[in-house]
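Given the structure is predicted, the values throughout are model-derived calculations rather than measurements. Scope of the values below: all heavy atoms of this structure, side chains included, with no hydrogens, waters or symmetry mates.
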Amino acid sequence: MKKAYLVLILIFILSYTSTAQFVENYSRKKALIIAIGNYNTAKTGWQSINSENDISLISMALQFQGFQESNIIVIKDEQADKVGIMTALYTLKKNVNKGDYVVIHYSGHGQQITDLNNDEIDGMDESIVPINAYSKYSLNYHGEEHITDDELGVYFDKLRQKLGNKGQVLFIVDACYSSTMTRGSAKIRGGAEPIVIKGKLNYFKEKEILGSGMNDKSLENNKINASFIIISASKFNEANYEATDDNGNGVGSLSFAFSKAFIKLSHNASFLSLFAKIKENMKETVPFQSPVIEGDYNVAIFQGNIIQQQTYFEIEDIISDYEIKINNGYIHGIKIGDKIGLYELGTTSANDKDPVISGIVSETNKFNSIIKFNSAQNIKNTKSYWAFLESRNVESNFI
């Protein structure tokens with residue numbers, strides 16, 4: 001009888017502990033969704049886009065992963081002028097506690113603007129475009145309503161400090177800073193020429209720069225502040241096109257890809273593995289676009305432990321049913337005759353898993369290698385697998 005009572009007490013304790021941990025994690029998750037689509041084109045020069053459709057995508061995905069609806073704040077359109085956005089950001093900061101997990105999602109236009117403190121290689125800051133920001137420089141508008149990466153950097157530094165080293169911040173930017181014009185009828189999030197503030201910049205040179213433009217201090221990993229990850233819809237010099245969801249609605253390509261990937265998160269998944277799924281999804285909807293991740297991406301999502309990621313390669317091209325090209329060559333140590341295996345996205349180590357298919361390196365140059373398979377591999381999407389080195393060809397003298 002005593003044993004039965006002890007078992008019941010143990011079950012109660014375990015159940016209570018599990019519930020307490022669940023509630024604790026539940027309350028630790030906070031989010032802010034900023035969606036601007038109904039721009040006044042005649043007044044600001046920005047075309048309207050389908051950002052409002054992103055709200056339900058992101059909100060549902062967050063709730064699926066344990067965010068309470070009451071902890072997801074949404075501001076959109078007229079609420080999202082510069083004052084409204086900055087107020088929402090600092091209100092969020094005020095309401096978080098140490099160890100919280102924070103997601104901030106922005107859907108809207110993006111634009112480059114003159115860098116006024118000389119911390120950008122190309123002389124231009126990246127910025128998000130509030131509802132009241134204009135697309136062009138004029139005597140009456142010098143970009144004061146834009147929110148630059150410098151301003152966001154100051155905010156994120158303060159937010160990370162308050163969250164402490166047990167917290168996490170994920171910033172998702174479904175916008176672009178490119179001045180590339182649209183192809184066909186697809187809507188683009190951005191697309192305006194950079195705002196050059198006269199007298200402040202003597203030149204503008206486009207360079208191959210990845211990421212958000214956030215400064216190194218904001219992105220650095222340390223033992224004091226929260227982990228910080230930024231996922232951007234496209235490279236600095238690429239356009240960000242809208243996609244179509246499963247119901248035929250116009251949506252942000254990153255928002256759509258993120259929502260699909262986030263709902264299917266596996267246990268102990270890292271931000272890097274989440275990003276791999278995002279890239280796979282975006283390859284199907286906007287194949288000419290390259291999303292970017294920056295920050296502490298080898299951290300487990302909403303857990304904090306570091307994921308030890310084994311080196312992997314990406315498929316660069318599908319040559320035929322029997323051959324693919326990967327993005328590493330002999331300067332990375334790949335040699336003819338090496339055995340390469342293709343594994344599921346998010347695989348942290350190939351040592352304890354079986355590959356989907358294995359092949360042999362048949363050709364290699366400095367930066368790429370050709371992998372040949374004995375049977376048809378039937379790969380349709382270059383972002384669907386990661387490639388790992390399975391074994392070396394010890395007899396090869398090729399360097």
Side-chain angles (χ1 to χ4, degrees), residues 32-39 41 44-55 57-58 74-77 79-82 84-86 88-89 103-113 120 124-136 143 145-153 155-156 170-182 186-195 209-214 229-243 250-259 275 278 282 285-286 288-295:
L32 171 63
I33 299 173
I34 305 165
I36 312 171
N38 192 27
Y39 290 89
T41 306
T44 66
W46 292 108
Q47 69 166 332
S48 293
I49 51 179
N50 294 302
S51 296
E52 185 166 359
N53 293 336
D54 298 350
I55 296 173
L57 284 176
I58 302 304
V74 177
I75 64 168
K76 64 178 183 177
D77 293 336
Q79 300 169 313
D81 59 6
K82 183 170 184 175
I85 292 173
M86 297 308 295
L89 287 170
V103 175
I104 299 173
H105 186 280
Y106 172 77
S107 290
H109 285 301
Q111 189 177 27
Q112 289 191 307
I113 188 170
E120 299 282 356
M124 305 299 287
D125 279 329
E126 280 69 56
S127 69
I128 62 175
V129 180
I131 192 76
N132 59 332
Y134 291 80
S135 65
K136 294 182 179 179
E145 297 301 332
H146 283 62
I147 301 176
T148 67
D149 51 26
D150 290 340
E151 293 173 280
L152 290 171
Y155 168 76
F156 282 120
L170 173 61
F171 183 33
I172 307 157
V173 186
D174 202 341
C176 81
Y177 312 114
S178 172
S179 59
T180 306
M181 292 298 103
T182 61
K187 286 192 174 183
I188 189 174
R189 297 192 170 185
E193 293 294 330
I195 286 184
I209 300 172
L210 299 179
S212 63
M214 205 70 71
I229 303 91
I230 303 175
I231 300 178
S232 307
S234 59
K235 292 196 293 187
F236 140 86
N237 56 357
E238 288 181 342
N240 172 27
Y241 293 88
E242 291 198 346
V251 291
S253 53
L254 175 59
S255 300
F256 185 45
F258 171 82
S259 65
F275 182 64
I278 288 171
M282 289 184 70
T285 56
V286 283
F288 37 76
Q289 204 169 302
S290 306
V292 178
I293 189 170
E294 301 172 88

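The shortest heavy-atom contact between Ser234 and Asn240 is OG-CB, 3.9 Å.
Ring-plane geometry between Phe258 and His105 is classed as tilted, the angle between the planes lying from 30 to 60 degrees on a 0 to 90 degree scale.
Scored by the ring-ring contact (aromatic ring centres under 6.0 Å, His included) test, Tyr155 finds Tyr90 as partners (sequence neighbours excluded). With sequence neighbours left out, Ala257 forms a side chain to side chain contact (heavy atoms under 4.5 Å, CB included) with Ile278, Asn281, Met282. For Thr148, the side chain to side chain contact (heavy atoms under 4.5 Å, CB included) partners two or more places apart in sequence, or in a different chain, are Ile113, Asp125, Ser127, Asp150, Glu151. In this view, Gln79 satisfies the side-chain hydrogen bond (donor to acceptor under 3.5 Å, both in side chains) rule with no residue, not counting sequence neighbours. Listed by chain and residue number, Glu238 satisfy the side-chain hydrogen bond (donor to acceptor under 3.5 Å, both in side chains) test with Ser290 (two or more places apart in sequence, or in another chain). Residues passing the side-chain hydrogen bond (donor to acceptor under 3.5 Å, both in side chains) test with Glu145, sequence neighbours excluded: Asn132.
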Evaluate the criterion side chain to side chain contact (heavy atoms under 4.5 Å, CB included) for residue pair Val129 and Thr44; output intermediate values, then yes/no. CA-CA 10 Å; Val129 180; Thr44 66; over 6 Å; no
Side chain to side chain contact (heavy atoms under 4.5 Å, CB included) between Ile231 and Leu254: does it pass, once the steps are laid out? CA-CA 9 Å; Ile231 300 178; Leu254 175 59; 3.9 Å; yes
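Here the straight-line distance linking atom CD1 of Ile49 with atom OH of Tyr241 works out to 14.0 Å at 0.5 Å rounding.
The side chain to side chain contact (heavy atoms under 4.5 Å, CB included) with Ile104 is formed by just one residue from the set Leu170, Ile172, Leu89; it is Leu89.
A donor-acceptor contact shorter than 3.5 Å is absent between the side chain of Asp54 and the backbone of Ser255.
By the 4.5 Å heavy-atom criterion applied to side chains, Val251 and Asn50 are not counted as neighbours. Taking the side chain as every heavy atom from C-beta outward, Asn38 and Glu52 never approach each other to under 4.5 Å.
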